[in-house]
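It should be emphasised that the depicted structure is a prediction, and the values quoted were computed from it without experimental measurement. Whatever order the structure lists ligands and atoms in, that order sets their numbers, starting from 1.
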Amino acid sequence: MTLEEAGAEHARLAAEIRRNDELYYTRDAPVLSDADYDALRKRLLSIEAAYPELATPDSPSQKVGAAPSAGFSKIRHALPMLSLNNAFDDQDVQDFIDRVRRFLGLSADAAVDILAEPKIDGLSCSVRYEKGKLVLAATRGDGQEGEDVTANVRTIADIPNALKGEGWPDVLEVRGEVYMTKPDFLKLNEAQDAAGKARYANPRNSAAGSLRQLDPDITRSRRLRFFAWGWGEAAAVPADRQSGMMARIASWGFQVNPELKVCDSVETALEAYRRIGEIRASLTYDIDGVVYKVDRLDWQERLGMVSRAPRWAVAHKFAAEQAQTTVQKIDIQVGRTGALTPVAKLEPVTVGGVVVQNATLHNEDEIRRKDIREGDTVIIQRAGDVIPQVVAVVPEKRPKGAEAYVFPTTCPVCGSHAEREEGEVVRRCTGGLICEAQRVERLRHFVSRDAFDIEGLGEKQIAAFWRDGRIQSPADIFRLAETEKTSLKRLDVTEGWGKTSVANLFAAIDARRTIGLDRFLYALGIRHIGQENARILARHYLSIDALLEAVSAAQDPESEAWRDLLNVDGIGPKVAQALLDFFGEALNLQVVHDLLEEIRVSDFDPPRTDSPIAGKTLVFTGTLEKMTRDEAKARAQAMGAKVAGSVSKKTDLVIAGPGAGSKLAQAQALGVAVIDEDGWIEMAGL
Ligand code: IVH
């Protein structure tokens with residue numbers, strides 16, 4: 001066996017072992033017998049004995065025992081790790097409480113206790129305890145899957161290896177924020193300077209870098225800290241309030257932020273926000289806002305979540321930090337949908353601890369409205385992860401002769417005409433797939449984290465592979481290992497690559513040959529189809545075959561398929577049309593069919609398949625008295641059902657409250673089953 005063959009075989013085995021480790025340890029669903037699993041490991045070890053250079057730190061052979069403890073294998077969270085919606089001013093907070101009241105069907109002045117607490121600027125981590133012992137710790141990752149950082153988390157003094165006190169449930173995932181204090185951050189950067197290493201930009205980056213060290217001793221030396229702010233899977237929750245459960249978590253040996261405060265009105269919540277803002281500078285750690293959470297856990301449960309964020313919490317961000325600098329140039333970038341986005345190239349300036357060199361100018365109207373010109377001095381601001389923005393021009397500093405900016409009407413990349421549709425603020429290149437920028441951007445999107453998420457194939461690599469002709473369309477990614485065999489300039493002798501990294505890349509690509517329908521749809525980069533709409537469509541059509549058939553039939557506006565698409569709850573005419581436009585284009589269909597030769601798109605897995613309404617199509621009509629329509633819909637979807645806006649042959653069940661009119665009549669005419677609200681409550685197990 002040559003080293004090259006050994007590398008490929010090693011990568012294949014390593015991927016296989018990791019996959020089985022995950023099935024075994026985190027999903028509790030092994031598919032291999034112990035003997036078969038052992039045979040895989042034995043073969044891996046024998047290859048490493050012959051080629052020791054393949055025993056890299058991330059090889060499964062480097063793990064103690066077989067447990068995923070040393071490297072960063074992926075861990076699927078038992079319950080997703082959510083993110084938070086943001087509020088930027090007092091009105092947004094008022095709106096949040098109003099929405100909560102409306103959803104729960106409370107009166108406009110009903111008391112809603114809110115727990116207010118600092119939003120720690122670190123990185124979130126979920127730490128799992130079984131029978132009181134720490135067994136697993138994972139980063140948030142994309143919310144569904146994170147990295148296994150157990151070995152490193154064990155070195156964090158704020159995180160107990162065994163729960164203290166009493167009354168903890170047998171299974172408990174404590175969630176919170178790993179962070180570094182400001183003094184420790186300054187010390188670390190001094191040490192980095194002394195060692196001639198790169199400085200970290202801010203405490204959050206250094207906490208992330210320190211947690212993701214392969215050597216746990218390095219993590220230990222970085223003195224990371226942890227504040228618990230919640231929990232994930234729990235065999236029991238011995239409290240009926242968020243504040244009560246946090247007190248319990250503190251009693252089990254965790255640090256819970258001392259500034260937590262239960263507030264009984266929007267006014268007191270906003271007071272807490274201002275108070276925390278006042279002490280912000282004196283805290284030894286960075287915070288970037290205040291999180292408000294509905295304190296009652298039964299209400300949290302009812303409120304549930306929408307597109308990856310809970311309805312019961314919101315983050316009230318502190319005002320953005322500002323700075324002054326000059327605009328050196330205005331550049332036009334072309335995105336994957338052809339949108340021309342103007343970007344200000346700035347004289348580099350530090351804002352809130354980060355060096356900023358670019359700021360988005362949004363669109364041509366925005367440039368005109370703010371009258372931004374090349375050479376201008378501008379005020380820029382940056383809030384959290386948000387892309388820096390230009391707030392205003394400083395007119396007295398405008399250089400003589402600076403001319404008003406003229407927005408281009410042709411695409412700077414392919415030269416095609418750039419059009420502005422009626423009612424749209426964005427000007428778009430009409431070049432479609434002949435426009436190189438659009439093709440590269442689509443590929444970048446295709447491999448991005450929430451899409452195919454191929455390890456080792458990020459934006460940079462895609463751009464390089466595009467330039468050297470290796471990857472022109474998504475399917476080329478999956479043919480890379482094959483085309484490499486006959487490539488004139490081999491990748492493993494290209495700068496930045498070696499035999500091992502190439503073998504790892506191929507293994508990472510192979511690991512993504514099966515993908516869920518929702519991710520697949522999102523990855524295609526169809527206009528208006530972000531993650532949420534991709535999930536709604538996947539939930540509706542369930543399989544790629546059904547979807548392709550439906551969108552082809554729906555090209556006929558008179559068809560049942562078109563009406564069915566429009567009837568999907570949450571999909572409006574704009575989104576429906578974008579979907580049809582995409583699949584109506586021969587070039588796009590070609591891309592999809594090419595891809596399907598290389599990969600498998602797995603059917604959407606509706607949640608809670610044991611529920612009696614999983615996979616069924618429901619229509620609500622009339623007034624519901626015991627819960628709001630929004631709550632009923634959310635509950636139905638969480639149980640795996642689809643909710644439609646009108647009754648058709650495809651409807652399985654109509655839930656009719658008082659006052660139901662034409663929809664009820666239609667259901668009766670079509671012989672669709674009808675139940676009342678009590679029947680629904682019973683069915684939903686409420
Ligand atoms: S609660 C489902 N509380 O902010 C509730 N999050 O922007 C999830 N964070 O992913 C979060 N301090 O990593 C919560 N006191 C706090 C927090 C906090 C920091 C982070 C957390 C979350 C992110 C969302």
Side-chain angles (χ1 to χ4, degrees), residues 77-88 92-93 96 100 114-127 137-147 149 153 158-159 173-181 202-205 207-208 211 224-234 237 241-243 245-247 249-250 254-263 269 272-273 275-277 279-280 283 285-297 299-318 383-386 449-450 638:
H77 298 298
L79 290 177
M81 287 189 79
L82 304 178
S83 52
L84 291 170
N85 289 326
N86 290 325
F88 293 102
D92 289 347
V93 178
F96 161 68
V100 165
I114 295 293
L115 179 66
E117 59 188 74
K119 182 168 187 305
I120 314 297
D121 199 7
L123 67 149
S124 45
C125 189
S126 182
V127 192
T139 59
R140 176 172 183 276
D142 65 2
Q144 310 286 337
E145 255 182 13
E147 283 179 325
V149 287
V153 159
D158 286 347
I159 299 182
E173 285 175 8
V174 175
R175 292 182 172 176
E177 211 73 1
V178 172
Y179 67 97
M180 187 179 278
T181 65
N202 52 44
R204 176 162 57 127
N205 286 2
L211 187 64
L224 294 175
R225 317 277 179 123
F226 183 80
F227 273 128
W229 46 243
W231 60 98
E233 193 182 1
V237 178
R241 298 267 178 159
Q242 175 89 19
S243 50
M245 185 64 174
M246 292 319 296
I249 288 178
F254 284 91
Q255 301 299 318
V256 169
N257 193 283
E259 307 299 333
L260 261 59
K261 190 169 184 314
V262 180
C263 308
Y273 172 82
R275 208 187 58 78
I276 292 173
I279 60 167
R280 181 181 183 190
L283 296 174
Y285 45 89
D286 276 344
I287 62 174
D288 56 349
V290 169
V291 184
Y292 306 116
K293 303 175 183 172
V294 170
D295 203 29
R296 271 179 63 164
L297 297 181
W299 283 357
Q300 285 189 7
E301 163 94 21
R302 283 176 56 192
L303 285 156
M305 59 178 230
V306 64
S307 71
R308 295 175 167 226
R311 282 196 192 83
W312 47 265
V314 74
H316 189 176
K317 300 305 255 322
F318 290 131
D385 285 337
V386 181
R449 196 167 85 166
D450 295 319

Please list, chain by chain and in numerical order, all residues satisfying side chain to side chain donor-acceptor pair (under 3.5 Å) with Asp121, sequence neighbours excluded.
Arg204

Contact summary for Arg175 and Leu79, nearest pair of heavy atoms
NH2-O, 2.8 Å

Qualifying residues under ring-ring contact (aromatic ring centres under 6.0 Å, His included), relative to Tyr285, sequence neighbours excluded:
Tyr179, Phe227

In chain order, what residues pass the salt bridge (Lys or Arg N to Asp or Glu O under 4.0 Å) check against Arg280, with sequence neighbours excluded?
none

Mind listing the closest non-hydrogen atom pair of Val174 and Ala228 along with its distance?
CG1-CB, 3.8 Å

Classify the angle between the aromatic ring planes of Tyr273 and Tyr292 as parallel (below 30°), tilted (30 to 60°) or perpendicular (above 60°).
tilted

Pairs under 3.5 Å, N/O atoms on ligand 1 and on the protein: can you put them in a table with the distances?
residue, atom, partner, partner atom, Å
ligand 1, 3 (N), Lys293, NZ, 3.0
ligand 1, 4 (O), Lys119, NZ, 3.2
ligand 1, 7 (O), Lys119, NZ, 3.2
ligand 1, 12 (N), Ile120, N, 3.0
ligand 1, 13 (O), Ser124, OG, 3.2
ligand 1, 13 (O), Glu177, OE1, 2.7
ligand 1, 13 (O), Glu177, OE2, 3.3
ligand 1, 15 (N), Glu117, OE2, 2.6
ligand 1, 15 (N), Pro118, O, 3.1

